[in-house]
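Read through the structure below, which is laid out as structure tokens, and then see the notes.
Here is how names work: the chains are called A, B, and so on, in the same order as the sequence lines, proteins then strands, and each is numbered from 1. All figures in this text were calculated on a predicted structure; none of them were measured in a lab.
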Protein chains: 2
Amino acid sequence: MTTKRTSRPLTLRDVSEASGVSEMTVSRVLRNRGDVSAATREKVLTAARTLGYVPNKIAGGLASQRVNLVAVIIPSLSNMVFPEVLGGISAELDDTGLQPVVGVTNYSPSREDAVLYDMLSWRPSGVILAGLEHSLPARAMLDNVGLPVVEIMDIDGDAIDTAVGISHRRAGAEMAAEILAAGYRRIGFIGTHMPEDHRARKRLAGFEEHLAQAGITLAAREYYQGGSSLQKGRELTERILAREPELDFLYFSNDMIGAGGLLWCLEKGYDIPGKLGLAGFNGVDLLDGLPMRLTTTDARRVDIGRRAARIVAGKEPRPENGIVALSPTFLPGDTIRKG
Amino acid sequence: MTTKRTSRPLTLRDVSEASGVSEMTVSRVLRNRGDVSAATREKVLTAARTLGYVPNKIAGGLASQRVNLVAVIIPSLSNMVFPEVLGGISAELDDTGLQPVVGVTNYSPSREDAVLYDMLSWRPSGVILAGLEHSLPARAMLDNVGLPVVEIMDIDGDAIDTAVGISHRRAGAEMAAEILAAGYRRIGFIGTHMPEDHRARKRLAGFEEHLAQAGITLAAREYYQGGSSLQKGRELTERILAREPELDFLYFSNDMIGAGGLLWCLEKGYDIPGKLGLAGFNGVDLLDGLPMRLTTTDARRVDIGRRAARIVAGKEPRPENGIVALSPTFLPGDTIRKG
DNA sequence: TGAAAGGTTGGTAACGGTAACATCATTTCG
DNA sequence: CGAAATGATGTTACCGTTACCAACCTTTCA
């Protein structure tokens, strides 16, 4: 049973009076800072617990000019990729006293500005945000904040402070190489039409460049709007194959639509990977367990989160050039012919 | 190009000096509060923009005793269900000036305590947290905070202040009713073994009670540890059917493992829904596009988020009895025989 | 024309903590 | 045994903003 509570919120002073020591000493006890005798510590803790006192970080932060928050700004929570990055961040932040605060932009630059402004107004001790492309106002805010700023996911471009991620151009190129090595030649692409998804764009660019070096151009492409789902993958796969029946490979911009395409092809009796190969992107293990494992690229999401968090937390130094490059990993799966 | 910046962070005073008015007036302009002439407003905004001033909510919050944050405490981000709830919350909070701050507990009561304590120390203007079961310290903290506290997802139990959700007992019972009505009799259950997932437990209880009323008991059950995935669904389905080949229905505790089970059964050539029926729970539309649509119950995730947010934001009054009961909706899909 | 009313601006005192330093008691050690 | 080091506690001055009230300047209208 807690004590009855007046309407006035509790402050250090209440704990101080209840335990017969100064507010300063109470503060020291509650933060485990400085020397306090075991006896007073005990008195104070008992009093605090009895009253149900919860420290006020607003006041504390103002006084100390330090806030244990890390702003994390990501485009979306509705596919599996960013929650996994978050998992990495939060795991690595766990023993640092730092706490992530998440803001979602829905891939909108103006929302990114707004979210960033809002987060900075809390004076966090670091910022982690997705991508290298930001509006002018956003860059202006970040250029001189005097905090660690880590841009994640992508390293194809210039970082404001530090970037942690993979090269999506390279991921695209490597997938192209694997596909060509496996002997496929009439290749189609299915992806989302989101001008703000720069990583998908760069992946496709790297993919096409590599094809071009082998004298090959994409035989077909199909774009869609909105979120990715199995259903979307089915529809687009049907459409692209109706239009270009001669295709022997489909490169999807993510695993979810890739899986939809795979299911559709299997139902229609396509010979996979013999006559038709399929590949996605991300390497989400949620989809393990489909009739065949989809060929894909592991985007190193958890690692990206971890490394970014380590840098913000000061567990690991910012590299000289500001770039932490992780390697996208090709996962052969079952939907590409074995070399 | 922004102006060069000294190391000292900007304050209202800087903007005040740059625009030739008092700090108080600058504050009024930036908050759109009180009367300010158009001319000064313009001057101030220009100065603020030029300097790149970002208000300090720490100081502002302390002075005004108001903070535009809503604490949202959920068990997990790694399945689709809580992100969807979050989507509902954030959509409804969008035009209120309130901002959700998310804490994740990983289904651990002690982490819930810690996260709650931490969030309360920021003096948010409301709390939304999953479930009705909380530790004693957590209840003590919440009983007298003097803020709107909304417990979500579940309404089978006592709310601290307000609860918004569905009855999982009812959801389970209704699914049992549908299954029996469709003529299935030898029913197996596959679910996660998480003592802290009270909703899954209540669902199963409601399910079994309803079966019991018809004189039927579960013919088999299979539990697993850890996250849900298609793969897990496959394995457990294989196991339970190996053990009890006579089963004619499988009730899964969520759609993801249900989908895994479905894929496995289809591969093995089971006659679905003729000889074997399957059902999951949640109604995640991510999985639309499987070879058959899994029978399931829509848990009303987005609505729950919206209603909870509306109550916290004061857009909608707290109901007399403190309970906002939404109806779980049966989604027949293709994996149960039509009545 | 002068008082009232309303719009616009500024001064001052909080808000609830913490940093930095001061103070006093106790221990350590040459 | 006295000086210096160390431990334990308190005092004071902020941190950057907003609430509240006072002051001033117009405009309105009897």
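- By the side-chain hydrogen bond (donor to acceptor under 3.5 Å, both in side chains) test, A/Ser90 is found to be paired with no residue, residues two or more places apart in sequence or in another chain being considered.
- Within residues 34-45 of chain A, no residue approaches DNA chain C, by heavy-atom distance under 4.0 Å.
- A donor-acceptor pair under 3.5 Å links the side-chain atoms of A/Ser64 to the main chain of A/Gly60, judged by distance alone.
- Side chain of A/Thr40 to backbone of A/Val36: no donor-acceptor contact under 3.5 angstrom is found.
- The salt bridge (charged side-chain N to carboxylate O under 4.0 Å, His left out) test applied to B/Asp35 returns no partner, not counting sequence neighbours.
- Applying the side-chain contact (heavy atoms from CB on, under 4.5 Å) criterion to B/Gln65, with sequence neighbours excluded, gives no partner residue.
- A donor and an acceptor atom, one from each side chain of A/Ser135 and A/Arg139, are nowhere located under 3.5 Å apart.
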For residues 96-104 of chain A, dump all side-chain donor-acceptor pairs below 3.5 Å to protein atoms at least two apart in sequence or in another chain.
unit_1	atom_1	unit_2	atom_2	d
A/Thr96	OG1	A/Leu93	O	2.6
A/Thr96	OG1	A/Leu98	N	3.0

In B/S/- notation, 5' to 3', how is nucleotides 11-18 of chain D contacted by protein heavy atoms closer than 4.0 Å? B---BBBB

